[in-house]
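Just so we're clear, the structure is a prediction, and the values are computed from it rather than from any experiment. One-based numbering, in listed order, for ligands and for the atoms of each.
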Amino acid sequence: MQMVDLKSQYHRIKTEIDEAVLHVLEHAQFINGPEVREFQQALERYLDIPHVIPCANGTDALQIALMALDCKPGDEIIVPAFTYVATAEVIALLQLRPVMIDVDYDSFNCTPELIRQAITPKTKAIVPVHLFGQVAEMQGILDLAGKLHIPVIEDNAQAIGADYVFADGKKQKAGTLGHIGCTSFFPSKNLGCYGDGGAMMCRDEALAEKLRTIANHGQRKRYYHDLIGVNSRLDSIQAAVLRIKLGHLDEYCRARQNVAYAYNEGFKDIPFLCTPAESPHSTHVYHQYTLKVVDGRRDALASFLTAEGIPNMIYYPVPLYDQEAFKPFRGKVDFLPVTDRLCKEVISLPIHTEMKAHDQEKVIDTVRRFFIDTE
Ligand SMILES: *Cc1c(COP(=O)(O)O)cnc(C)c1O
């Protein structure tokens with residue numbers, strides 16, 4: 001058993017994928033081949049957004065998005081402390097200051113109120129992360145940011161395909177809500193390619209042009225460089241794979257939801273286990289199925305599962321502010337209670353589109369045995 005079974009997923013769509021990849025090998029336009037534009041347009045249609053700008057990976061997407069905002073060294077960027085390192089790394093890399101904030105215990109996401117408390121005159125952007133497949137409370141975040149004219153960059157690496165539901169019932173896709181949305185097509189993400197890939201999304205034409213320019217060595221016209229940029233491209237083979245997998249994304253999201261609901265059912269009577277909460281303002285696409293072990297035995301459970309051959313992961317074991325590399329960026333933050341608690345309580349179980357019922361029963365049974373036999 002694995003956390004994610006990409007091999008079985010490939011085998012279900014092998015005919016389509018092989019044909020598309022072989023087609024790239026034959027036309028040999030490995031960079032900027034027609035597949036890149038086709039995928040870009042297909043993703044624009046799926047997300048219902050005018051501009052998708054493909055790039056090399058999700059980390060680059062975040063970096064390019066920040067570069068497009070023309071920040072000055074020392075400007076502050078608000079970011080949750082409970083996230084994957086990439087969200088904050090690019091901030092530090094650009095000589096900006098990551099201002100780390102706490103998250104909500106139930107949703108794992110930052111909230112408008114936590115953001116509000118961290119805003120100063122130096123705040124130049126807010127980067128909410130839609131962690132584990134569920135969208136942060138974007139309506140409140142956008143209202144707050146809009147009043148103060150602060151751009152919002154969504155880190156949507158984990159929630160592509162999720163719908164945000166506004167108070168009036170209107171739905172909008174994750175990654176299309178902020179000033180710029182960023183995503184990753186790393187193989188294990190919900191929409192993953194067979195290597196590295198990423199993209200930015202935005203509504204504003206001029207901003208899209210700027211993002212595209214930065215991603216392409218700052219050149220608008222070949223060999224004329226208007227901006228300092230980077231080299232960040234999605235290659236044709238990855239785009240060909242993504243084009244096909246995008247057609248399956250909704251079905252993949254449903255498959256993950258079904259796995260999550262079966263886990264919830266299997267764990268509902270275990271008192272020390274807190275199953276993931278679904279927020280009223282977002283669908284959940286379960287990039288991860290993350291439990292909280294509230295009786296202090298998370299590490300014991302992890303060891304037990306590993307010994308029994310059940311894959312499990314701790315996303316994430318260390319708050320950003322306690323990471324060696326981020327200590328110089330802590331500022332006034334040296335402890336955030338919810339982040340600290342989550343790092344000690346969370347454990348993620350296998351979830352993917354190809355989960356077999358008997359494998360899942362084995363996972364559920366093993367977790368239950370841990371709590372029931374060791375009581
Ligand atoms: C995966 C991920 C990234 C980075 O994506 P890469 O394509 O690996 O660079 C950024 N943020 C979050 C929350 C992620 O999960």
Between Asp18 and Tyr10, do the side chains contain an N or O donor and an N or O acceptor separated by less than 3.5 Å? yes
Taking atom types as modelled, is there a side-chain donor on Ser107 or Ser279 under 3.5 Å from an acceptor on the other?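 Short answer, no.
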Does the N or O separation between Thr83 and ligand 1 drop below 3.5 Å for any pair?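 No, there is no polar N/O contact under 3.5 Å.
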Sub-3.5 Å N/O-N/O distance, Tyr84 and ligand 1: no
Of all the atoms in ligand 1, which lie at a distance below 4.0 Å from a heavy atom belonging to [X]?
{"X": "Ala86", "answer": "4 (C), 10 (C)"}
{"X": "Val129", "answer": "13 (C)"}
{"X": "Asn57", "answer": "7 (O), 9 (O)"}
{"X": "Gly58", "answer": "5 (O), 6 (P), 7 (O), 9 (O)"}

Quick one: ring pair (Phe, Tyr, Trp, His ring centres under 6.0 Å) pairs with a partner in residues 90-125, sequence neighbours left out?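 Qualifying pairs, neighbours excluded: Phe108-Phe132.
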Distance to 0.1 Å, residue and atom name: give those for the protein heavy atom nearest to atom 11 (N) of ligand 1. Asp155 OD2, 2.7 Å
Heavy atom of the protein closest to atom 4 (C) of ligand 1 (residue, atom name, distance): Thr59 OG1, 3.5 Å
Are more than 12 heavy atoms from other residues, nucleotides or ligands located less than 6.0 Å from atom NZ of Lys327?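 Result for NZ/Lys327: enclosed.
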Can Lys189 be said to touch ligand 1, with heavy atoms closer than 4.0 Å? yes
Between Lys173 and Asp48, is there a donor-acceptor pair closer than 3.5 Å when you use the side chain of the first and the backbone of the second?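 Such a contact is absent between Lys173 side chain and Asp48 backbone.
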Should Ile314 and Leu320 be regarded as members of a common hydrophobic cluster, given that ILVMFWY residues are connected when their side-chain heavy atoms come within less than 4.5 Å of each other, either directly or indirectly?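 Same cluster.
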Cluster overlap Leu249 with Ile17, hydrophobic side-chain contacts below 4.5 Å: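 No, because Leu249 and Ile17 fall into different hydrophobic clusters, even though each may have its own neighbours under 4.5 Å.
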